[in-house]
Each structure stands twice: as structure tokens, then as C-alpha cells.
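In what follows, chains are A, B, ... by sequence order, proteins preceding strands, each numbered from 1. No experiment lies behind these values; they were computed from the predicted model shown.
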Protein chains: 2
Amino acid sequence: MVNTVSDISTEQKILTAAREVFFQKGFSGARMQDIADEAGINKALLHYYFRSKEKLFETIFREAFEKLVPRIIEVFSSELPFFDKIRAFCEAYVTMAMENPFIPIFILNEMHRNPEGFEKTFGDIPKKVPHTLLKSVIKRAVDDGLIREIDPPQLIMNMLSLCMFPTISRPMFQLVMNMSDTQFKKMSELRKTEVADFIIQAIKK
Amino acid sequence: MVNTVSDISTEQKILTAAREVFFQKGFSGARMQDIADEAGINKALLHYYFRSKEKLFETIFREAFEKLVPRIIEVFSSELPFFDKIRAFCEAYVTMAMENPFIPIFILNEMHRNPEGFEKTFGDIPKKVPHTLLKSVIKRAVDDGLIREIDPPQLIMNMLSLCMFPTISRPMFQLVMNMSDTQFKKMSELRKTEVADFIIQAIKK
DNA sequence: GTCTATAGTTAGATAGAC
DNA sequence: GTCTATCTAACTATAGAC
């Protein structure tokens, strides 16, 4: 049977371990043995639950992707004033990036390594992102004279950059800036509000 | 002999091929066979010129890192007015990222995958980055009342984010924003000046 | 469901001829 | 310097016992 307690528990152990290993080493750097060890089980069991390394990876990747592309819809389709939408968006993304520091680099890296593979495997995901909604909300703010003339994709790119790049660049940034872990965390914590302030001042009229 | 024309040419062919393959697949995804094929030579020759995959990789990584951490010194130690420094910095970085689109994700990814390896192999590089210079130039601009109060590392992080994130996130961004290659390139071209404008407006008093 | 043992494949690296 | 052939190790995946 599939639905016994111990089955579920093993599957969960595998997923947790796979997340850990894939996030840290990427698809090609990860070894099924590493995942088995991390889960405290045997290699063969991985293949019993998930047919292949690819299948297991796809599960983890999908799940991570969904976390990365979160409920922007709620923020942007809400009745919040425009600047509060910006604030909510930034805080949500900076927080997500802080709590899941490996996800952004993991997703972006795998998309670079296997660009064509995603059109077919993940071609459905884009539809979940309300890019037309985003664009129209920004355009309206421009038309209303609330913010200066700016191309919506440019603004969206700026928001994403400021929210997600820090966790991606962390190892390099700390190295070249000679910054301790404590200092970096403090800085990240402040960014939850600073990023929105920065953006708003950059676009307000 | 080592300095014949054909020697140099072969070594260059290998380096060019290695760059191509490592940039696209990362260290663990790259195969020595791929590099040999790309260079139009035999696998054994790779080991003749560079003892191991690691050695070859280190050569490519070093070279890429130096490109990523370019002559900021010149920009920031120049006599340019502060806002022109910002403009020069942004244009240099956006251009670099456009011309070498694989380098940022390559470097940042490898640093995530092998965090400890860099302290010993690349511990010398940070010294080349004039982070104290950057910080003091920004601090002076604040003290002079030219820009609003802002933590220098925060501003540096913002500048780097806005310049480098677009090329890193390109596959995802185009996918979720439903954007063509042409549109993306046009957008990137505009960013050479837009990023600086955005930053300056965000910090000016 | 979970394990041990092993098949089958591919990778990095070397030996040795030219 | 450059090649072919080969060694050795590592990895994914499966067969089969319990």
C-alpha cells in the first residue's frame, strides 16, 4: 500500500534530503548517494519512490519554482495604494530570499544550464505569473501622474534585482567587501524596508 | 619547445573551448570530452596542457573573476563628480554583463557550490577590490549633503544588483514576462543609462 | 518497503606509439 | 605535440532476496 504512515514519512525524508543536496550542488553536482545518505536510507529506495534522478529533480525544481514566483497576484490585484503594493512586494520577496537563500541561485542556474528543457517541462508555469496585471498597474500609476514615466518591464526588473540579487551574490559580496555573516544578516534585515524606500524615491514624481 | 606558434595556438584553442563549456555547464556539468570536441582536439591533449579538470577550471574561473571585478578603481579614484562616477560605474558594469552574459551566473554559482574552496584558492583576489575606497567616496557624498543618508554597502549592493541581475535572470524573466530576445536586448541596451538615472534619483537630495 | 549486490555506462586520467 | 587505446573509479539504475 502507498498510504501507510511509514511510506509518507520516507517519501518526505527523501524530498527533504533531495532539496538539501540539489539546492547546494545543483543537478549535475548532486549524487544519488549523497541524497540517500542525507535521508538515512538506501540508494535503491530513491529509485523505488522516484524512478530516476531526473524525476526527483523535477519534483524539487517545480516546488522551488513555485516558491520563487509567489502570490504576487494577491499583492498586485489588491486594493492597496500603488506605493504600498511596492512595499508589500519588496518585503515579501526580500523575506522569501532570506528564508530560502538557495532557491534563487538554484533556479536561475538550472535555467541557464538547461535552457531548452524548460520550454517543454515548465511551459505551463509562466501562465501563473500575471505579467499583464503587473504592467497595467504600473502603467496606470504613470498615467495617473503618480510616478514618472518608466517602462514597466524596467521597473519590474529593478524590483526583482534589488530583492533577489543580494542572496545570490552573498558569497562574492562578503568576500570582496570584507563583510562578516553578522553584518550581512543585519544588512539583509534592513533591506526589507530600505529596498522599497529606494525604489519609491527613484520613481515618485 | 613551448613557444612555437602551434603550441600557443593549441593552448588558446583549449582555453576558448573550456570557457565556452564551463560557462554554459558549470564545473560539474562540464565534460572534458565536450571541451576536447569544442577545441577540435583529443581529450588526452587537455591533460597534456592542463594536468586536470580542476586546474583547467581554475584558470578559466580566475580569468572570469578578474573580468567581473574590473577597473572600478579607475572610476572611483577618478576626479569625476560623484554622479558621474555612478554613471560610469553603471555603464561599465551593464556593458560588461551584456558582453559576457555567462560570467556573472557562472562565478556566483560556483561560489555557492564550493564556498570553502575560494578562501584558499582565491583569497588573494578580494584585496584587489577597493571596497574602502568605494565606501569612503559614498560617505563623503553623504557628508557633503550631495545625497541623502544611506549606508554605503547598501548603495553598493543596489548598484551591483541593478547592473548584474538582468543577465543572471534572463531566462526566467523572458519566460515569465513573455518577452522575446529582441525585446530583452533592447531593454538591456537602454539600461546602460537608465540604471544610473534610477539610482541617482533614488539617492539625490 | 527496504535492503545488498551488481550490472551497465560514462567520466577523468594515463601509457605508449608516432 | 598529438593521437589511440585503455585503466580505474564513480555514478545511475536494476535485479532479487527478505
Side-chain angles (χ1 to χ4, degrees), chain A residues 1-62 106 109-110 113-114 117 121, chain B residues 1-63 106 109-110 113-114 116-117 121:
Chain A
M1 281 295 106
V2 165
N3 285 330
T4 70
V5 170
S6 77
D7 271 355
I8 293 172
S9 161
T10 299
E11 185 165 338
Q12 285 308 324
K13 268 191 287 182
I14 293 174
L15 287 172
T16 304
R19 232 170 269 136
E20 186 89 7
V21 175
F22 278 134
F23 285 176
Q24 224 219 319
K25 308 202 172 172
F27 175 75
S28 48
R31 301 288 162 246
M32 293 297 264
Q33 187 63 60
D34 299 341
I35 299 175
D37 292 348
E38 182 76 28
I41 57 158
N42 193 275
K43 238 184 2 169
L45 256 192
L46 297 180
H47 288 91
Y48 175 80
Y49 278 89
F50 304 84
R51 254 184 23 147
S52 65
K53 188 183 176 185
E54 270 84 6
K55 296 273 182 206
L56 179 53
F57 176 79
E58 197 186 308
T59 306
I60 300 299
F61 184 89
R62 265 212 131 71
F106 169 73
N109 184 56
E110 299 298 338
R113 305 290 168 248
N114 187 6
T121 316
Chain B
M1 282 297 106
V2 164
N3 286 328
T4 70
V5 171
S6 77
D7 272 353
I8 293 173
S9 162
T10 298
E11 185 165 338
Q12 284 308 325
K13 268 191 286 182
I14 292 175
L15 287 172
T16 304
R19 231 169 270 137
E20 186 89 8
V21 175
F22 279 133
F23 285 175
Q24 224 219 320
K25 309 204 171 170
F27 175 76
S28 48
R31 300 287 163 248
M32 293 297 265
Q33 186 63 61
D34 299 341
I35 299 174
D37 292 349
E38 182 77 27
I41 56 157
N42 192 275
K43 234 183 5 169
L45 255 194
L46 296 180
H47 289 91
Y48 175 79
Y49 278 89
F50 304 84
R51 256 187 20 154
S52 65
K53 188 183 177 186
E54 270 83 6
K55 296 273 182 206
L56 180 53
F57 177 78
E58 198 186 307
T59 306
I60 301 299
F61 185 89
R62 265 213 131 72
E63 177 191 282
F106 169 72
N109 184 56
E110 299 298 339
R113 306 287 168 250
N114 187 7
E116 64 288 347
T121 315

To the nearest angstrom, the NZ-C1' distance between B:Lys53 and D:dA9 comes to 14 Å

Quiz item: Heavy atoms, side chains only, cut-off 4.5 Å: are A:His47 and A:Met32 in contact?
Solution: yes

**OP:** Could you tell me whether B:Ala36 contacts a base, only the sugar-phosphate backbone, or nothing, with contacts defined as non-hydrogen atoms closer than 4.0 Å?
**Re:** nothing

Before you tell me yes or no, could you show the steps for A:Lys53 and A:Phe22 under side-chain contact (heavy atoms from CB on, under 4.5 Å), namely the whole-Å CA-CA distance, both residues' side-chain angles and the distance that decides it to 0.1 Å? CA-CA 10 Å; A:Lys53 188 183 176 185; A:Phe22 278 134; 4.2 Å; yes

When you check the phosphate oxygens OP1 and OP2 of C:dT2, does a side-chain N or O of A:Thr10 lie under 4.0 Å from one of them?
yes

- [ ] Would you please confirm or rule out a distance under 4.0 Å between OP1 or OP2 of C:dA13 and any side-chain N or O of B:His47?
- [x] yes

Side-chain contact check for A:Glu54: nearest option of D:dC3, C:dA13, D:dA13 is D:dA13

To the nearest angstrom, the CG-P distance between A:Leu45 and D:dT12 comes to 16 Å

### Phosphate-side-chain proximity, A:Tyr48 and D:dT14, N/O vs OP1/OP2 below 4.0 Å
no

task: Determine yes or no for a side-chain-to-main-chain donor-acceptor pair under 3.5 angstrom, with B:Glu11 supplying the side chain and B:Tyr49 the backbone.
output: no

Looking only at heavy atoms, the pair that brings A:Ala36 and A:Leu46 closest together is N-CD1, 3.9 Å

Taken to the nearest whole Å, CG/B:Asn42 to P/C:dT14 is 15 Å

Separation of D:dA13 atom P from A:Leu56 atom CG, nearest Å, is 10 Å

When rounded to whole Å, the CD1 to C1' distance for the pair A:Ile35 and D:dT12 reads 11 Å

In whole angstroms, the gap separating P of C:dG12 from CZ of B:Arg31 amounts to 5 Å

note: B:Lys43, atom NZ; C:dT14, atom P; distance rounded to Å ~ 12 Å

A:Met32 atom CE is separated from D:dT14 atom P, nearest whole Å, by 10 Å

